[in-house]
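Count residues from 1 along the sequence. Just so you know, these numbers come straight off a predicted model, no measurement behind them.
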Amino acid sequence: MTALRHPLHLHERLTRTARRWALAWSRIFYLGAVVLVLMLSPSSYSRGTRWRLARHMYQGTAPILLGFTVLAALLALVITRIVVVTAFSYGLSRYALEMVIRVLVLELIPLTAALFVAMRATIPAGTQLALMRQSGHLQALQQRGADPVRMEVMPRVVAGIYASITLAALSCVVALVMAYLGVYGFTTAGIAAYTRMFGHVFAPQITLVFALKTLFFSMAVALIPLASGLYETGDARRAQQPDSELGGLARMFAVLLLIEVISLMSNYY
């Protein structure tokens, strides 16, 4: 009797988990579609919405911009030094700078910027939405005739996308400058060679993949934590458990990993 009950219990758990994950992903895609329509709709940019949007964009980007830029500069200097010394010891110094650009600018900085924005901006924003939902603020907006997604969700999603793209773009420029200084120093003698190498690395296909990867990273870190905060993650019993609370983070990291794998396959296969 126990042997028959155990497989049934396991089957019920697997079915419940699959149903919960399917519901979570369907809500993420639905919210993404709604936010995209609102972003493209001119009626979404009324005077009050523009003010909310500008405030969230500033609060999501300005406090972390300087710190992440300094971190990217230090990271670029350290990685450049390590790669150049290692390549010189193996007689591969001519490939050192190209390796730094490929690893640091193409792969490491966009992912780091997305994670930094998620930890400092979008995950706290998702927590704010969860508190608004629990306190009844979103329902009160809806009862007054306002759209909660337009008023509270869309500005936070746009701010997360803007912060991730801004940090990635600015940090890539800083990393390129620091990589040049780490190899050539404060001289203009290496500008011609550095420009040729830069053009060789950033071929049209690589540039397109890099831009799309940065965009999808920003969309993932902006949308998934907010969807987890806006909607219920499960039934009341499981909502208090740690695995339910970390479900949004797990989905976000899974999407980031999938995007990174696809970009690597597009660049090197």
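Side-chain contact between Thr49 and Met154 is present, with at least one heavy-atom pair separated by less than 4.5 Å. Leu97 has its side chain out of reach of Val83: every pair of non-hydrogen atoms, C-beta onward, lies at least 4.5 Å apart. Two residues are said to be in side-chain contact when any heavy atoms from C-beta on lie closer than 4.5 Å; Thr69 and Leu167 fail this criterion. Counting only heavy atoms from C-beta outward, the side chains of Ile79 and Leu108 approach each other to under 4.5 Å.
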Contacts under 3.5 angstrom, residues 185-203 side chains, donor-acceptor by atom type, not counting sequence neighbours:
residue : atom : partner : partner atom : Å
Thr187  : OG1  : Ala189  : N            : 3.2
Tyr194  : OH   : Leu176  : O            : 2.7
Thr195  : OG1  : Ile191  : O            : 2.7

Considering only distance and modelled atom types, tabulate donor-acceptor pairs under 3.5 Å from the side chains of residues 213-222, sequence neighbours left out.
residue : atom : partner : partner atom : Å
Lys213  : NZ   : Leu106  : O            : 2.4
Lys213  : NZ   : Glu107  : OE1          : 3.0
Thr214  : OG1  : Phe210  : O            : 2.9
Ser218  : OG   : Thr214  : O            : 3.3
Ser218  : OG   : Leu215  : O            : 2.5

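In terms of hydrophobic clustering, with Ile, Leu, Val, Met, Phe, Trp and Tyr side chains grouped at heavy-atom distances under 4.5 Å, Met151 and Val37 are assigned to different clusters. Grouping the Ile, Leu, Val, Met, Phe, Trp and Tyr side chains by contacts below 4.5 angstrom, directly or via other members, places Met39 with Val34. Under the 4.5 Å side-chain heavy-atom criterion for Ile, Leu, Val, Met, Phe, Trp and Tyr, Val209 and Val255 are members of distinct hydrophobic clusters. Cluster membership for Leu77 and Val177, using ILVMFWY side-chain heavy atoms within less than 4.5 angstrom, is shared. In this structure, Val100 is a member of the same hydrophobic cluster as Val103, with clusters built from ILVMFWY side-chain heavy atoms closer than 4.5 Å.
Other residues sharing a hydrophobic cluster with Leu74 under the 4.5 Å side-chain heavy-atom criterion for ILVMFWY residues are Leu66, Val70. The other members of the hydrophobic cluster of Ile82, by chain and number, are Val78 (side-chain heavy atoms under 4.5 Å, ILVMFWY only). Other members of the cluster containing Leu36 are Leu40, with ILVMFWY side chains joined at under 4.5 Å, either directly or via other members.
Residue pairs meeting the ring-ring contact (aromatic ring centres under 6.0 Å, His included) criterion with at least one member in residues 96-123, sequence neighbours excluded, are Phe68-Phe116. Contacts classified as ring-ring contact (aromatic ring centres under 6.0 Å, His included) and involving residues 26-57 (residues at least two apart or in different chains) are not found.
Residues passing the ring pair (Phe, Tyr, Trp, His ring centres under 6.0 Å) test with Tyr184 are Tyr180, sequence neighbours excluded. The side chain to side chain contact (heavy atoms under 4.5 Å, CB included) check on Ala130 picks up Arg133, with sequence neighbours excluded. Scanning for salt bridge (charged side-chain N to carboxylate O under 4.0 Å, His left out) contacts around Arg120 gives an empty result, with sequence neighbours left out. For Trp21, the side chain to side chain contact (heavy atoms under 4.5 Å, CB included) partners two or more places apart in sequence, or in a different chain, are Thr17, Trp25, Arg251. Shown here are the side chain to side chain contact (heavy atoms under 4.5 Å, CB included) partners of Ala175, two or more places apart in sequence or in another chain: Ala76, Leu104, Val105, Ile109.
Distance check, rounded to the nearest 0.5 Å: CG of Leu38 to OG of Ser43 gives 7.5 Å. Separating the CD atom in Gln139 from the CD atom in Gln134 is a distance of 13.0 Å, to the nearest 0.5 Å. The OG1 atom of Thr86 sits 9.0 Å away from atom CE of Met99, with the distance rounded to the nearest 0.5 Å. One distance of note links CG of Leu131 with CG of Leu138; it measures 10.5 Å at 0.5 Å rounding. Interatomic distance, Thr122 OG1 to Ile224 CD1, rounded to the nearest 0.5 Å: 9.5 Å. Here the CD1-CG distance, from Ile165 to Leu170, works out to 13.5 Å after rounding to the nearest 0.5 Å.
Contact detail for Gly60 and Ala163: the closest heavy-atom pair is O-CB, 3.5 Å. Counting all heavy atoms, side chain and backbone alike, Ser266 lies closest to Gln205 at O-NE2, 3.1 Å. Here the closest heavy-atom approach between residue Pro155 and residue Arg150 is recorded as CD-O, 3.5 Å. Heavy atoms only, all atoms of each residue included: Ala87 and Ala96 are closest at CB-CB, 3.7 Å. Annotation for Gly160 and Val117: closest pair O-CG1, 3.9 Å, computed over non-hydrogen atoms. Among all heavy-atom pairs drawn from Leu129 and Leu230, the shortest one is CB-N, 4.4 Å.
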Practice item. Applying side-chain contact (heavy atoms from CB on, under 4.5 Å), run through Ile123 and Leu249 and close with a yes or a no. Key: CA-CA 9 Å; Ile123 292 178; Leu249 290 179; 3.1 Å; yes
Review point. Do Leu226 and Val35 pass the side-chain contact (heavy atoms from CB on, under 4.5 Å) test, and can you show the C-alpha distance, the side-chain angles, and the key distance before you say yes or no?
Key: CA-CA 11 Å; Leu226 293 177; Val35 171; over 6 Å; no
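For OH of Tyr268, the number of neighbouring non-hydrogen atoms (other residues, nucleotides, ligands) closer than 6.0 Å is greater than 12. The neighbour count for Arg81 CZ, taken as heavy atoms of other residues, nucleotides or ligands under 6.0 Å away, does not exceed 12.
For the pair Ser263 (side chain) and Glu260 (backbone), a donor-acceptor distance under 3.5 Å is present.
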